[in-house]
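Structure first, commentary second.
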Amino acid sequence: MTKQVQQLDRVIIRFAGDSGDGMQLTGDRFTQETASFGNDLSTLPNFPAEIRAPAGTLPGVSSFQLHFADHDILTPGDAPNVLVAMNPAALKANIGDLPRGGDLIVNTDEFTKRNLAKVGYATNPVEDGSLAEYRVHALPLTSMTVGALTDFDISKKDAERAKNMFALGLLSWLYHRPTEGTLAFLERKFARKPDIMKANIAAFQAGWNYGETTEAFSVQYEIKPAVQPAGLYRNITGNVALSYGLVAAGVRSGLPVFLGSYPITPASDILHELSKHKRFGVRTFQAEDEIAAIGAALGASFGGSLGVTTTSGPGIALKSETIGLAVSTELPLLVIDVQRAGPSTGLPTKTEQADLLQVMYGRNGEAPVPIIAPQSPSDCFDAALEAARIAVKYRTPVVLLSDGYLANGSEPWRIPDVDSLPTIDPDFAAPGQEGFQPFKRDPETLARPWAVPGTAGLEHRIGGLEKADGSGNISYDPTNHDTMTRLRQAKIDGIANDIAPLTVDDPSGQARVLVLGWGCTYGSIAAAVRRVRSAGGHIAQAHLRHLNPFPANLGQVLRSYDKVVVPEINLGQLALLLRGKYLVDVIGYNRMRGLPFKAEELAGVIQDVIDSE
Amino acid sequence: MSELHNGNGHGALSLVPKTDVRQTAKDFKTDQEVRWCPGCGDYAILAAVQSFLPELGLRRENICFVSGIGCSSRFPYYMNTYGFHSIHGRAPAIATGLAASRPDLSVWVVTGDGDALSIGGNHLIHALRRNINLKILLFNNRIYGLTKGQYSPTSEVGKITKSTPMGSLDAPFNPISLAIGAEGTFVARTIDSDRKHLQSVLRAAAQHNGTALVEIYQNCNIFNDGAFDPLKDPEVRDDVTIRLEHGQPIVFGADGGKALRRSGFGAFEVVNVADVDPSEIVVHDAHHPDPSLAFALSRLDSPAFEHTPIGIFRQVERPSYDEQMRAQLDEAVTGQGPGDLAALLASGDTWRIDG
């Protein structure tokens with residue numbers, strides 16, 4: 001039958017199911033199809049910390065939200081237009097986010113008395129009329145999948161497990177997605193299990209064919225590719241982009257990368273990714289604990305490697321003493337903090353921006369450290385390169401603050417030309433210098449020489465004890481300590497002259513209110529700013545990549561506006577730094593829900609501040 | 001992986017550049033004033049190390065000493081090599097990163113009983129099980145010196161110190177037993193006052209492929225003076241010291257009158273040579289794959305030093321972590337070719353948008 005085709009400019013789909021239902025995989029495949037079709041997109045995976053919470057329960061619900069459009073978009077979307085609920089728990093956990101009139105696809109096979117009872121449904125919501133305000137597509141996805149696979153020599157359990165591919169096939173039909181990528185993916189993934197491979201492909205095609213033939217769906221949707229700059233594109237998550245940035249930093253500096261890491265959510269994928277790239281000379285060392293991980297990285301830096309450690313907030317707490325040693329010994333070191341909600345163990349799989357003050361101040365003594373934050377998943381690539389540039393040039397540990405949302409979220413990325421990437425010069429100290437002074441500084445950068453073991457004539461000893469200015473010998477001299485403390489601070493402060501000034505986006509030039517963010521909030525803030533402007537409001541937007549030191553023009557920018565709004569997924573940590581340094585009474589907007597801000601919510605906040613002018 | 005094990009020239013120092021210049025102990029001394037207490041056992045160890053290193057014939061710039069915190073950890077400042085005085089307990093971790101990334105270095109860790117066994121216990125045991133190319137010198141004085149006299153994890157039970165006025169309660173570690181239990185491939189003990197023995201152990205440790213742990217009994221003349229007197233007193237030391245030598249029957253005593261014999265439960269007992277058939281006397285086998293023998297020897301210690309083995313307890317071959325890491329990198333390059341950044345960035349599903 002011929003179906004009506006309706007044009008849409010954007011769609012937000014949320015796949016939700018049990019942790020064991022393969023929702024992350026389904027979402028990821030739909031994302032790849034969408035990316036290769038040429039839509040702009042943004043994703044938000046949301047899953048529990050438990051690997052397999054009891055099946056069918058609310059804590060076990062895993063979801064994947066995808067926003068795609070025929071124009072450039074900035075966020076994974078506030079609320080889904082389409083919710084796929086594979087079981088009652090997924091329905092209950094997500095239905096509150098589906099706006100009235102939204103499409104709801106439910107797998108009725110899972111709506112059994114027992115499963116309904118597990119999540120506290122007294123009656124079946126699919127049948128009791130409580131979902132009347134949605135466009136409900138009640139489909140027996142499991143039994144249709146099993147029915148389509150009767151000819152395959154696989155167990156009933158394996159057949160049932162292919163239901164996510166049936167759902168993916170159906171959604172792929174509904175939104176006109178290209179299927180070659182998914183078919184090739186299934187062939188690769190199950191290459192060693194041909195029966196399972198064929199069954200999954202058959203389930204995927206059955207889902208597609210079902211959409212085409214059933215009367216349950218009368219409309220098919222089309223979302224045209226987005227107009228994007230010319231180039232070669234791929235979809236990329238923050239953790240992969242960050243890993244590639246580290247590999248690129250090794251290539252562009254000529255330094256071997258040494259990663260010391262201890263597994264921790266949501267940073268572990270960087271360890272996994274980098275461990276695949278040994279042919280770039282990348283060494284990955286899974287240490288016995290967080291302290292050993294950064295210790296080994298610092299030891300490698302001492303030896304002339306690009307030392308890197310990756311962790312999340314709890315790991316930073318353990319690494320603090322070694323970051324201090326790196327400050328004192330003035331060695332390059334990259335400390336990657338993929339933030340998660342705290343305090344303590346907190347919400348390991350949920351996002352937050354609450355480690356800013358920890359990395360800024362969480363060490364004994366005066367121990368300044370440059371801090372850099374990426375603003376989107378693909379920006380993690382550039383941020384990693386920038387962190388490496390500063391670490392090597394200034395002989396200092398640098399903290400890169402990513403977070404769980406950037407780490408697991410994805411977006412299309414225009415693959416850069418390798419020759420266009422910055423080069424990094426290690427500038428090792430040359431051998432054979434008479435009277436070598438390991439703490440004699442470059443007058444411009446205040447960086448000390450990096451003299452690596454194996455360099456004849458430069459034998460020297462470094463450590464955490466205070467060093468005499470120049471010679472680096474142990475010194476208890478009071479004046480020397482004052483001098484060294486100020487020199488270490490001045491070196492970091494001076495980086496402000498080596499980074500781009502903060503740019504402000506204010507197309508009308510009439511804004512009296514500035515919204516200033518950092519890190520992962522960029523997409524939400526920018527989307528909110530678009531809303532405000534399209535409603536006629538004047539608002540300026542700026543986003544900080546460098547949090548220490550701040551760009552040299554930041555104070556002037558802040559004072560150019562009547563009001564400054566600072567949205568953060570913490571209780572106001574950047575706001576505290578801004579007030580302390582610039583005496584500007586910024587207005588914070590703070591929510592800690594483990595999720596990115598919604599654009600609509602921020603637009604309201606910004607509009608309220610504009611209206612109060 | 002097998003070629004690692006039986007190939008030639010894969011020893012600890014095979015990749016460390018040699019020098020033709022004749023070195024002396026003086027070449028390894030720095031201009032820094034040594035600041036240990038007068039009479040400290042550390043002076044003897046420093047002098048022994050400085051006078052031993054020339055015989056390795058390594059380029060000085062390819063030797064690195066890494067230490068933690070404590071009296072012993074000031075050691076690197078006095079060695080005219082590269083040096084890193086780091087954080088309490090963390091020296092093995094820092095040295096691991098250095099050794100894993102620089103096969104051309106001879107990396108030494110200097111630590112103490114508090115540094116290695118208390119705050120840094122985790123790093124020590126993991127370095128041992130990984131068998132990374134580190135030579136760990138554990139100065140054991142059974143006391144905290146730098147913090148002025150608290151008991152340490154090797155102090156005997158009941159030790160009266162500033163922090164334990166009624167006596168310490170915790171049972172001590174036996175560093176040799178611990179190292180053997182942690183899968184150590186080279187485990188030895190020596191004494192600060194016996195330079196010849198100390199240097200013979202260092203010699204073997206330096207050549208060992210992997211982690212070598214050398215416990216050095218070291219006298220702290222300020223806070224724990226005389227801790228090892230029975231092993232130093234010319235009147236009694238030969239009676240209570242068991243000098244282990246691989247392949248030799250374990251016989252000791254001033255007149256060679258005592259020996260070790262197997263007893264129940266895999267342990268050893270001390271017997272009079274005259275009372276036993278020579279075939280019953282244990283022959284030391286440091287190379288035995290089963291660590292039980294070495295472990296049993298380590299259990300002969302007692303607080304009263306009735307019979308204390310010194311020398312190499314265990315010395316077995318196992319591929320080192322760093323050479324295996326290198327082999328994986330080489331294998332990746334051989335199998336897939338050297339890394340191509342442009343190809344990596346464009347890997348996976350891509351699409352082109354034309355301008």
Side-chain angles (χ1 to χ4, degrees), chain A residues 32 35-36 38 181 225 228-235 244 247-248 251 256 258 260 277-281 283 285 287-289 291-293 295-305 307 321-322 325 329 415-418 431 453-465 473-474, chain B residues 17 30 32 59-67 69 76-77 79-102 104-105 122-123 125-126 325 328-329 331-333 335-339 341-342 344-355:
Chain A
Q32 292 295 347
S36 65
Q228 288 168 313
L232 186 65
Y233 283 76
R234 61 174 289 167
N235 198 53
Y244 285 6
V247 174
V251 171
F258 184 99
H277 302 304
K278 295 187 188 344
R279 62 199 185 117
F280 286 89
R283 286 176 160 83
F285 171 67
E288 59 270 24
D289 58 32
I291 297 171
L298 184 62
S301 283
F302 178 60
S305 287
E321 192 180 12
T322 310
L325 179 65
T329 53
I415 300 166
D417 177 7
V418 168
T455 314
L458 307 191
E459 294 86 352
H460 66 282
R461 279 62 56 191
I462 58 171
L465 285 168
N473 290 330
I474 298 174
Chain B
T30 63
Q32 297 297 294
R59 295 176 70 107
R60 211 159 34 103
E61 64 269 23
N62 290 81
I63 300 173
C64 190
F65 281 82
V66 182
S67 64
I69 294 291
Y77 289 113
M79 294 297 302
N80 194 10
T81 62
Y82 281 87
F84 200 153
H85 178 219
S86 70
I87 299 176
H88 204 14
R90 315 304 171 204
I94 287 168
T96 289
L98 185 60
S101 56
R102 292 290 303 271
D104 59 329
L105 302 180
N122 200 31
H123 309 308
I125 58 175
H126 286 276
M325 188 184 225
Q328 285 194 344
L329 263 58
E331 192 186 325
V333 172
Q336 310 163 351
L341 184 58
L344 173 69
L345 301 187
S347 59
D349 297 340
T350 60
W351 67 96
R352 184 169 288 284
I353 291 177
D354 297 319

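Numbers restart at 1 for each chain; the letters A, B, ... are given by sequence-line order, proteins then strands. The figures that follow rest on heavy atoms only: side chains count, while hydrogens, waters and symmetry mates do not.
Heavy-atom distances place both the backbone and the side chain of A:Thr322 under 4.5 Å from chain B. Using a 4.5 Å cut-off between heavy atoms, B:Ala342 contacts chain A through both its backbone and its side chain. Within the 4.5 angstrom heavy-atom criterion, atoms from both the backbone and the side chain of B:Gln336 approach chain A. Interface residue A:Gln228: backbone and side-chain heavy atoms are both found under 4.5 Å from chain B. There is no contact between A:Pro256 and chain B, counting heavy-atom distances below 4.5 Å. For chain B, the nearby part of A:Ile415 is the side chain; its heavy atoms alone come within less than 4.5 Å. Looking at B:Leu105, the atoms closer than 4.5 Å to chain A (heavy atoms on both sides) all sit in the side chain, from C-beta outward. Interface remark: A:Ala35 contributes backbone and side-chain atoms alike to the contact with chain B (heavy atom separation under 4.5 Å). For a residue to count as touching a neighbouring chain, one of its non-hydrogen atoms must lie under 4.5 Å from one of that chain's; by this rule A:Thr455 touches chain B with backbone and side chain alike.
Most heavy-atom pairs under 4.5 Å with chain A: of the set B:Ala95, B:Gly348, B:Ala346, this distinction falls to B:Ala346. Of the residues considered (B:Asn122, B:Leu345, B:Val333), B:Leu345 shows the highest number of contacts with chain A, using heavy-atom pairs under 4.5 Å. The candidate with the highest count of non-hydrogen atom pairs below 4.5 Å against chain B, out of A:Leu232, A:Leu298, A:Ile474, is A:Leu232. Per-residue counts of heavy-atom pairs under 4.5 Å with chain A were compared for B:Arg90, B:Glu61, B:His88; the largest is that of B:Glu61. By number of non-hydrogen pairs under 4.5 angstrom with chain B, the leading residue of A:Val418, A:Ile462, A:Ile291 is A:Ile462.
Closest heavy-atom contact between A:Arg461 and B:Thr81: NH1-O, 2.7 Å. Nearest heavy-atom pair, A:Ala230 versus B:Asp354, reported as atom, atom and distance to 0.1 Å: CB-C, 3.8 Å. Here the closest non-hydrogen pair linking B:Ala93 and A:Ala292 is CB-CA, 3.6 Å. Between B:Thr96 and A:Phe285 the shortest heavy-atom distance is CG2-CZ, 3.6 Å. Across all their heavy atoms, A:Gly463 and B:Tyr77 have their closest contact at CA-OH, 4.0 Å. When all heavy atoms of B:Arg102 and A:Gly303 are compared, the pair lying nearest together is NH1-O, 2.8 Å.
Shown here are the side chain to side chain contact (heavy atoms under 4.5 Å, CB included) partners of B:Pro17, two or more places apart in sequence or in another chain: B:Arg59, B:Asn62, B:Asp104. With sequence neighbours left out, the side chain to side chain contact (heavy atoms under 4.5 Å, CB included) criterion links A:Pro229 to A:Tyr233, A:Arg414.
Summarising the geometry, atom CD1 belonging to B:Ile125 is positioned 8.0 Å from atom CD belonging to A:Glu288; distances are rounded to the nearest 0.5 Å. Atoms CD1 and CD, on B:Ile87 and A:Glu321 in that order, are 4.5 Å from each other to the nearest 0.5 Å. Interatomic distance, OG1 of A:Thr329 versus CD1 of B:Ile94, reported as 8.5 Å (0.5 Å rounding). The distance from atom OG of B:Ser347 to atom OH of A:Tyr244, rounded to the nearest 0.5 Å, is 3.5 Å. Here B:Leu341 contributes atom CG and A:His277 contributes atom NE2; the two are 10.0 Å apart, rounded to the nearest 0.5 Å. Between atom OG1 of residue B:Thr350 and atom CG of residue A:Asn235 there is a gap of 11.5 Å, rounded to the nearest 0.5 Å.
Counting only heavy atoms from C-beta outward, the side chains of B:Asp349 and A:Ser36 never approach each other to under 4.5 Å. Contact check for B:His123 versus A:Asp289: side-chain heavy atoms found under the 4.5 Å cut-off. Looking at A:Leu458 and B:Tyr82, their side chains come closer than 4.5 Å, going by heavy atoms from C-beta outward. With a 4.5 Å cut-off on side-chain heavy atoms, B:Val66 and A:Phe302 do not count as touching.
In this structure, A:Arg283 contributes its side chain and B:Ala100 its backbone to a donor-acceptor pair below 3.5 Å. With hydrogens and angles disregarded, a donor-acceptor distance shorter than 3.5 Å links the side chain of A:Arg279 to the backbone of B:Gly337.
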Walk me through whether A:Leu325 and B:His85 qualify under side-chain contact (heavy atoms from CB on, under 4.5 Å).
CA-CA 10 Å; A:Leu325 179 65; B:His85 178 219; over 6 Å; no
